[in-house]
Amino acid sequence: MSILEALACGATVVASDCHVGPSEILDNGKYGYLYTPGDVNMLSQKICKALGHRIPTNIAQKRANEITKLGICQVKEYLENGE
């Protein structure tokens, strides 16, 4: 949830590339920066990169909106179909 909230505020996100979630939301790094969990050197590099190359606010907000709408559609489908 915090990644979506940050994107909705127009922030540039740095997140760990864990099995589910961040890489999907950030589209494998297109909308933010991903680092390998436990790799502090890579985390440091991604933070520096994010500070110098921010994702444009309108792009981050658009992505948050897309993901939110997708989630709402999936919940509606689940409730309608019981799947």
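Residues satisfying the side-chain contact (heavy atoms from CB on, under 4.5 Å) criterion with Q45, sequence neighbours excluded, are absent altogether. For the side-chain contact (heavy atoms from CB on, under 4.5 Å) test, residues two or more places apart in sequence or in another chain that qualify with S16 are C18, Y35, P37. Qualifying side-chain contact (heavy atoms from CB on, under 4.5 Å) partners for L34, counting only residues two or more places apart in sequence or in other chains: A15, D17, P22, S23, L26.
The CD1 atom of I55 lies 4.5 Å from the OH atom of Y33; values are rounded to the nearest 0.5 Å.
Residues A60 and A11 share a closest heavy-atom pair of CB-O, 3.9 Å.
Legend: salt bridge (Lys or Arg N to Asp or Glu O under 4.0 Å) pairs involving residues 41-50, not counting sequence neighbours: none detected. Within the structure, salt bridge (Lys or Arg N to Asp or Glu O under 4.0 Å) pairs that include any residue of residues 26-45 do not occur (at least two apart or interchain).
Note on L51: it clusters hydrophobically with M42, by side-chain heavy-atom contacts below 4.5 Å among ILVMFWY residues.
Inter-residue side-chain proximity for I59 and Y31 is flagged as met; some heavy-atom pair is nearer than 4.5 Å.
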Using atom types as modelled, flag every donor-acceptor pair under 3.5 Å from a side chain in residues 64-73 to any protein atom, sequence neighbours excluded.
from	atom 1	to	atom 2	distance (Å)
E66	OE1	R63	NH1	3.4
T68	OG1	A64	O	2.8

